[in-house]
Amino acid sequence: MSEVRVRMAPSPTGDPHVGTAYIGLFDMAFARHHGGKCVLRIEDTDRERSSKESEEAIYRALRWVGIQWDEGPDCGGPYAPYRQSERSHIYKRHALQLVESGAAYYCFCTVERLARMRQAMQKRKSPPMYDGKCRNLSADEVQSHLDAGERPVIRLKVPKEGETAYTDLIRKRGQQVVFQNRHIDDQVLLKSDGFPTYHLANVVDDHLMKITHVVRAEEWVNSTPKHILLYKAFGWEPPAYAHMPLLRNPDKSKISKRKNPTSLDWYRQNGYLPEALLNFLALMGFSAEKGKEIFSLETMIREFSWDRVTTSAPIFDMKKLEWLNGTYIRQLSIDELIERLRPFASVGQLDQGEKTAKMVAIIQERMKTLAEFDKWTWFFFTDELDYGAELLVAKKMTPETTAEALATCVPAFKAVDDWTTEALERLGRELCERLGLKVRQLFMTLRVAVTGSAKSPPLFESMEIMGKDRCLARLETAQVKLEQVN
RNA sequence: GGCCCCGUCGUCCAGCCCGGUCCAGGACACCGGCUUUUCACGCCGGCGACACGGGUUCAAAUCCCGUCGGGGUCACCA
């Protein structure tokens with residue numbers, strides 16, 4: 001195989017899409033497995049919807065998640081420019097060339113006529129296709145339309161007979177996907193504003209940029225014969241095609257932001273680790289050797305083969321992503337985790353040296369996302385614990401017995417000099433015996449008093465981190481709360 | 001509706017190409033247990049699928065045909 005060259009071709013419309021990263025991941029795994037190159041091309045031919053901000057967001061998001069490219073608008077390359085809006089003249093020239101060779105034609109039909117025609121055809125239950133009104137206009141007719149100032153589009157003249165087929169790297173087990181030409185529409189190549197459609201720009205660029213393998217989502221299979229026909233019209237050799245399964249919503253429809261988070265920014269902002277997201281995306285269609293579930297990008301690159309990619313469209317399972325994210329969080333070193341946590345903490349919350357390290361250590365195995373930092377640590381950073389007094393009363397305890405227990409505990413803790421986890425736990429267990437209480441009873445009361453919640457990080461570690469004064473203050477507050485109930 | 005793709009536990013994936021080792025394996029979720037000061041982590045166990053019907057064969061999840069189901073696509077959007 002000559003040098004493998006693949007491209008990612010996102011459109012800068014809206015938020016950076018998880019599907020872009022998904023396809024990009026497979027592009028990259030395949031290319032790097034073969035020592036090939038990855039191109040990033042911005043497909044901004046839709047002037048209405050494309051924006052510069054969206055383009056920037058794509059770079060940022062792709063870099064964040066770990067997708068890399070060798071050539072692109074931001075880093076240049078031998079086939080620049082890589083932004084389609086800067087290549088208009090190229091597409092126009094190529095479209096004109098096809099008109100001259102007779103493979104394409106000018107069409108002067110108005111959007112209104114087209115819409116009416118489509119409606120009528122749908123009523124007759126036949127697939128809506130262009131009726132070919134302008135397919136065989138004479139040179140004179142074309143000229144008079146042009147003279148009248150009409151802005152035509154250029155359409156591909158698809159043969160009425162025969163079939164067009166291609167072999168997909170992923171589906172049909174190597175058998176060809178076959179389309180009857182009569183089902184293929186005379187696709188618009190150049191819009192009346194002089195901009196190309198996806199089909200033209202895509203084919204021209206892929207050829208000019210020497211792309212050898214087109215990896216894209218399954219939604220494009222029906223366009224593939226149009227593209228093959230276009231290559232043929234130009235006299236070019238088409239690339240190989242790999243159509244990836246479509247990511248789906250829980251209701252099985254194509255993934256959409258209404259039903260599932262699709263923005264890469266959302267995953268970053270909600271505390272997902274990029275390496276976990278990437279691993280998860282890889283799991284949607286790719287299976288590593290020996291059934292490995294957790295593996296790095298390097299592993300995927302090393303083991304990559306189209307044979308290991310599935311055909312069926314997976315449903316995006318947030319539960320599994322959360323689990324994966326949790327295991328990745330647990331694999332981080334404390335220092336690394338602290339750094340990752342910064343965007344999710346307020347200023348100063350992670351700058352207490354040893355204390356911070358201890359705090360992060362006890363929440364590490366509890367967090368599913370970085371965004372849960374606050375959920376597990378809020379009580380360290382406030383002295384206003386808002387809980388109901390009844391929470392202090394453990395099973396088989398009453399407000400009275402709880403108050404009595406606390407009355408014994410407070411002076412005991414006050415007397416502690418060595419305010420460490422070990423010493424505190426020793427004392428705690430001693431107090432249980434002295435009071436004739438079960439460990440879970442007394443500790444629950446203490447836990448609620450200190451953390452404000454029945455679910456919290458380990459009690460004595462938390463107490464050590466918080467310090468003696470604050471803990472005692474909280475125990476006293478608990479006593480007051482209980483009195484108010486009684 | 002036409003065309004195209006797909007169809008193994010609720011979900012993701014292995015097995016299918018090269019039929020027997022599969023009364024189908026792993027993971028998430030769920031349920032139960034152990035551990036345990038709560039929650040969580042960890043460990044153990046359970047639940048649970050070859051869409052259906054024909055064929056071919058000594059033998060089919062694996063090959064063939066049909067049916068059904070799901071998705072995608074039919075724009076001067078990509």
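Here is how names work: the chains are called A, B, and so on, in the same order as the sequence lines, proteins then strands, and each is numbered from 1.
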| query | Is B:U21 paired to anything, Watson-Crick or G-U wobble with both distances less than 3.5 Å, and if yes, which nucleotide? | reply | none

| request: Report which part of the nucleic acid A:F179 touches: base, sugar-phosphate, or nothing (heavy-atom distance under 4.0 Å, all strands). | output: sugar-phosphate

| task | Nearest-nucleotide wise, let me know which of A:P128 and A:I170 is further upstream toward the 5' end of RNA chain B. | result | A:I170

| query | On a whole-Å scale, what distance lies between the P atoms belonging to B:G53 and B:C9? | reply | 16 Å

| Reckon A:K172 touches a base, only the sugar-phosphate, or nothing at all at heavy-atom distances under 4.0 Å? | sugar-phosphate

| field | A:K320 NZ to B:C12 P, straight-line distance once rounded to whole Å | value | 10 Å

| query | Using 4.0 Å as the upper bound for N to carboxylate O, is an ion pair formed by A:E425 and A:R429? | reply | yes

| Between B:C23 and B:C65, how far is it from one P atom to the other, in whole Å? | 27 Å

| Expressed in whole Å, how much space separates the P atoms belonging to B:A61 and B:C5? | 26 Å

| request: Provide, to the nearest angstrom, the distance between the CD atom belonging to A:E293 and the C1' atom belonging to B:A14. | output: 10 Å

| Would you say A:R171 reaches B:C6's phosphate, i.e. side-chain N/O to OP1/OP2 under 4.0 Å? | no

| Whole-Å P distance, B:C6 and B:U62 | 16 Å

| request: Would you mind classifying the nucleic acid contact of A:P458 as base, sugar-phosphate or nothing, using non-hydrogen atoms under 4.0 angstrom? | output: base

| task | Can you figure out which of B:C28, B:G7, B:C39 approaches the side chain of A:T311 most closely? | result | B:G7

| said: Measure CZ/A:R248 against P/B:G7 and give the value in whole Å, please. | reply: 11 Å

| Should A:K52 and A:E55 count as an ion pair when the cut-off is N to O under 4.0 Å? | yes

| message | With a 3.5 Å distance limit and no angle check, can you tell me whether A:R474 reaches the backbone of A:T451 through a side-chain donor-acceptor pair? | response | no

| query | Does B:C43 have a Watson-Crick or wobble mate here (both distances under 3.5 Å), and if so which one? | reply | B:G33

| request: Using a strict cut-off of less than 4.0 Å between a Lys/Arg side-chain nitrogen and an Asp/Glu carboxylate oxygen, indicate whether A:R113 and A:D131 qualify as a salt bridge. | output: yes

| request: Write down the partner of B:U57 under the Watson-Crick or G-U wobble criteria, each distance required to be under 3.5 Å. | output: none

| field | Ring centroid separation A:Y82 to A:W69 under 6.0 Å | value | no

| said: Nearest whole Å is fine: how far is B:C64 P from A:Q175 CD? | reply: 8 Å

| said: So A:V178, base contact, sugar-phosphate only, or nothing? Heavy-atom distance under 4.0 Å. | reply: sugar-phosphate

| request: Round to the nearest Å and state the distance from A:N222 atom CG to B:C4 atom P. | output: 9 Å

| message | What contact category does A:G428 fall into here, base, sugar-phosphate, or nothing, at under 4.0 angstrom with non-hydrogen atoms? | response | nothing

| B:C43 versus B:G20 - spacing of their P atoms, nearest Å | 33 Å

| request: For A:L321 and B:C13, give me the distance from atom CG to atom C1', rounded to whole Å. | output: 16 Å

| query | Whom does B:G69 pair with, Watson-Crick or G-U wobble, provided both distances fall under 3.5 Å? | reply | B:C6

| query | Is A:I315 touching bases, backbone alone, or none of the nucleic acid, heavy atoms closer than 4.0 Å? | reply | sugar-phosphate

| request: Could you work out the separation of B:U11 and B:C77 based on their P atoms and round it to a whole Å? | output: 38 Å

| message | Checking contacts here: which listed nucleotide (B:C74, B:U38, B:C28) is nearest the side-chain heavy atoms of A:K455? | response | B:U38

| task | State yes or no: are the ring centers of A:Y166 and A:Y241 separated by less than 6.0 Å? | result | yes

| Distance, C1' atom - from B:A59 to B:G19, rounded to whole angstrom | 8 Å

| query | Looking just at side-chain N and O atoms, do A:S85 and A:D44 make a donor-acceptor pair shorter than 3.5 Å? | reply | yes

| message | What is the separation between atom CG on A:L247 and atom P on B:C12, rounded to the nearest whole Å? | response | 11 Å

| In the strands shown, is B:A49 matched to any nucleotide by a Watson-Crick or G-U wobble pair with both distances under 3.5 Å, and which? | none

| message | Between A:T310 and B:C13, is there a contact of a side-chain N or O with OP1 or OP2 at under 4.0 Å? | response | yes

| With a 6.0 Å cut-off on ring centres, are A:F26 and A:F30 close enough? | no

| Basic-acidic side-chain contact under 4.0 Å: A:K191, A:E48 | no

| field | Gap between atoms CZ and C1', on A:R330 and B:C43 respectively (whole Å) | value | 14 Å

| query | Does A:E219 pair with A:K254 as a salt bridge, N-O distance under 4.0 Å? | reply | yes

| query | Say you pick atom P in B:C47 and the same atom in B:G10; how far apart are they, in whole Å? | reply | 14 Å

| remark: Between A:S456 and A:D317, whichever has its closest RNA chain B nucleotide further toward 5' is A:D317

| said: Under 4.0 Å from OP1 or OP2 of B:C16: is there any side-chain N or O of A:R173 that close? | reply: no

| field | Base-pairing mate for B:G1 - Watson-Crick or G-U, with both contacts under 3.5 Å | value | B:C74

Between the protein and nucleotides 76-78 of chain B, which nitrogen or oxygen pairs are less than 3.5 angstrom apart?
unit_1	atom_1	unit_2	atom_2	d
B:C76	OP1	A:R118	NH2	3.0
B:C76	O2	A:S192	N	2.8
B:C76	O2	A:S192	OG	2.8
B:C76	N3	A:S192	OG	3.1
B:C76	N4	A:C109	O	3.3
B:C77	OP2	A:K191	NZ	3.0
B:C77	O2'	A:D46	OD2	2.8
B:C77	O2'	A:R49	NH2	3.2
B:C77	O2	A:R49	NH2	3.2
B:A78	OP1	A:T45	OG1	2.9
B:A78	OP1	A:K191	NZ	2.7
B:A78	OP2	A:Y198	N	3.2
B:A78	O3'	A:S11	OG	2.8
B:A78	O3'	A:E43	OE1	3.3
B:A78	O2'	A:S11	OG	2.8

